[in-house]
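Keep in mind it's a predicted model, so treat the numbers as computed, not measured.
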2 protein chains.
Amino acid sequence: MISDKTIGRLSLYRRVISEMLAEARTHVYSHEIAKACGVTPAQVRRDLMPTGHLGSPSRGYNIPGLIQSISGILDDPEQEKVAIVGVGNLGRAILAYFMGRRPNLTIVAAFDADASKVGRMIHGIRCYGTEQLADVVRKEGVEVGILTVPARAAQAIADELIGAGVRGLLNFAPVALRVPPHVYVEDLDVAISLERVAYFARHGAGTRRQERAMR
Amino acid sequence: MISDKTIGRLSLYRRVISEMLAEARTHVYSHEIAKACGVTPAQVRRDLMPTGHLGSPSRGYNIPGLIQSISGILDDPEQEKVAIVGVGNLGRAILAYFMGRRPNLTIVAAFDADASKVGRMIHGIRCYGTEQLADVVRKEGVEVGILTVPARAAQAIADELIGAGVRGLLNFAPVALRVPPHVYVEDLDVAISLERVAYFARHGAGTRRQERAMR
DNA sequence: TAGATTGTTAATCGATTAACAATC
DNA sequence: TAGATTGTTAATCGATTAACAATC
């Protein structure tokens with residue numbers, strides 16, 4: 001089992017070497033990836049082990065091959081479907097950002113309790129009423145849910161998504177969701193992050209600030 | 001020096017016990033906080049050590065006292081000022097969320113390159129043009145910056161903020177910022193988080209899923 | 001070849017958990 | 001008192017880094 005930290009870094013590595021590929025580069029050394037991502041070269045080499053991709057001591061890693069190997073781990077060979085619940089400012093920001101960006105990880109439906117949004121297309125995605133949530137999630141085979149709803153609604157929505165087959169949640173609501181053990185939850189809590197930044201801005205970033213505090 | 005993880009959990013503990021206080025409760029046990037936050041009771045007790053607040057074996061922790069002790073660590077005795085750069089959907093979502101919520105941590109200015117936004121009040125915060133960034137940050141004494149700008153603009157904006165005295169950045173742009181060692185950066189990378197959730201949704205949440213993956 | 005980089009193990013580091021005497 | 005909880009140390013656990021033979 002690959003750790004969540006390694007998965008996050010592989011995603012980051014893929015992004016930076018994709019940019020290199022766009023500049024027509026063909027090979028890259030671990031220390032270059034390391035510098036671009038704010039980690040150590042040893043970390044990069046170790047993270048790349050589970051991908052099975054081998055570099056060469058003389059030329060480093062072949063970029064297209066490495067992208068393919070990382071994608072072999074990160075991407076579903078089929079297609080993974082995502083639904084987003086809550087189409088406020090935050091929900092729309094996420095919809096706008098993902099507009100046709102990842103072919104293997106697509107947002108297929110949006111949900112909102114606000115009747116004025118239901119039935120409309122928002123950034124190319126159809127918006128349904130929350131009462132249709134379970135039906136649509138089941139029919140589409142959605143596996144991942146993004147929660148951008150108010151805190152008070154989050155647990156009920158999470159329960160419904162999970163009941164309809166969702167096994168991963170990206171939760172922006174400032175509450176600790178209770179979920180069965182087979183469901184993976186990642187919390188992106190902006191308020192907590194901001195308090196942390198404020199604390200370390202005041203108290204000094206600290207020696208350990210080589211490391212990226214990536215959340 | 002308290003670790004970033006501990007700071008994040010203290011912020012979470014304060015939130016949940018504040019909710020208890022609102023329900024007129026006066027005392028709380030470590031295992032109650034632990035359950036509400038998805039951590040172990042031992043973790044809670046250990047995290048509370050640096051606050052200096054002492055509980056009682058018979059009644060647990062006094063809630064108002066504990067809130068005060070946690071706030072003594074998390075909050076600046078003065079006031080800490082925050083600026084947000086980039087008033088798109090994401091920026092507005094954050095402005096709306098923080099509207100008058102934290103007296104000790106206030107967003108005092110917003111900036112955007114879009115001339116049509118400049119001069120307006122957005123969720124109660126004045127929006128300036130980016131060319132005024134350094135001046136306003138210096139004059140207001142802003143210490144923390146939130147970056148909700150496109151990736152290509154992030155490094156230049158970060159440099160300018162830091163040049164004007166900012167020592168902490170909450171970065172939503174999908175780039176690894178290069179900053180001097182005294183500056184604390186926390187990255188909230190939605191794309192990476194979503195890929196991580198997708199991966200663990202597919203591969204099983206794993207045994208280690210007791211722990212909250214809080215970012 | 002000489003020199004830099006790779007894959008991979010062993011050592012280190014830091015954070016979490018278990019344990020338990022002291023306490024109410 | 002008896003029983004549960006506290007503060008705190010020691011043991012455990014996992015992740016990062018250092019090191020180095022193998023390789024190009």
| remark: With both pairing distances under 3.5 angstrom for Watson-Crick or G-U wobble, and | for a partner in another strand, the correct string for DNA chain C is ..||||||||||||||||||||||

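- Among residues two or more places apart in sequence or in another chain, the ring-ring contact (aromatic ring centres under 6.0 Å, His included) test is passed with B:H182 by none.
- By the ring-ring contact (aromatic ring centres under 6.0 Å, His included) test, A:F111 pairs with A:Y128, sequence neighbours left out.
- Contact check for A:V190 versus B:F172: side-chain heavy atoms found under the 4.5 Å cut-off.
- Residue pairs meeting the salt bridge (Lys or Arg N to Asp or Glu O under 4.0 Å) criterion with at least one partner in residues 75-88 of chain A, sequence neighbours excluded, are A:R14-A:D75, A:D76-B:R202, A:E80-B:R202, A:K81-A:E140.
- Here the rule is side-chain contact (heavy atoms from CB on, under 4.5 Å) with B:I94, and of B:V87, B:T148, B:L170 only B:T148 fits it.
- Along DNA chain D, the nucleotide closest to A:T40 and the one closest to B:A42 are compared, and the more 5′ of them pairs with B:A42.
- By the side chain to side chain donor-acceptor pair (under 3.5 Å) test, A:H53 pairs with A:S69, sequence neighbours left out.
- The nearest whole Å value for the distance from the OH atom in B:Y29 to the C1' atom in D:dG3 is 11 Å.
- The salt bridge (Lys or Arg N to Asp or Glu O under 4.0 Å) contacts involving residues 40-54 of chain B comprise B:R9-B:D47, where partners must be two or more places apart or lie in separate chains.
- When rounded to the nearest whole Å, the span between CD of A:E32 and P of C:dA4 equals 15 Å.
- Near DNA chain D, defined here as any heavy-atom distance below 4.0 Å, the residues from residues 43-51 of chain B are B:R45, B:R46, B:M49, listed numerically.
- Remark: C1' of D:dA4 and NE2 of B:H27 are 16 Å apart, rounded to the nearest angstrom.
- Applying the salt bridge (Lys or Arg N to Asp or Glu O under 4.0 Å) test to every pair with at least one member in residues 28-40 of chain B, sequence neighbours left out, gives these pairs: B:R25-B:E32.
- Residue A:H53 is classed as a sugar-phosphate contact, given heavy-atom separations below 4.0 Å to backbone atoms only.
- The nearest whole Å value for the distance from the CD1 atom in B:I2 to the P atom in C:dT16 is 13 Å.
- With sequence neighbours excluded, the residues forming a ring-ring contact (aromatic ring centres under 6.0 Å, His included) with A:Y199 are A:H203, listed by chain and number.
- Rounded to whole Å, the distance from NE2 on A:H31 to C1' on C:dT6 is 11 Å.
- A:M1 has its CE atom 16 Å from the C1' atom of D:dA15, to the nearest Å.
- Shown for residues 57-68 of chain A: residues whose heavy atoms fall under 4.0 angstrom of DNA chain C, namely A:P57, A:G60, A:Y61.
- Atom pair A:K35:NZ and C:dT5:P shows a separation of 13 Å (rounding to whole Å applied).
- Qualifying ring-ring contact (aromatic ring centres under 6.0 Å, His included) partners for A:Y29, counting only residues two or more places apart in sequence or in other chains: A:H31.
- Rounded to whole angstrom, the span from the CG atom of A:L54 across to the P atom of C:dG7 amounts to 6 Å.
- A close approach under 4.0 Å does not occur between any side-chain nitrogen or oxygen of B:T6 and OP1 or OP2 of C:dA15.
- Contacts of B:R167 classified as salt bridge (charged side-chain N to carboxylate O under 4.0 Å, His left out), with partners at least two apart in sequence or in another chain: B:E143.
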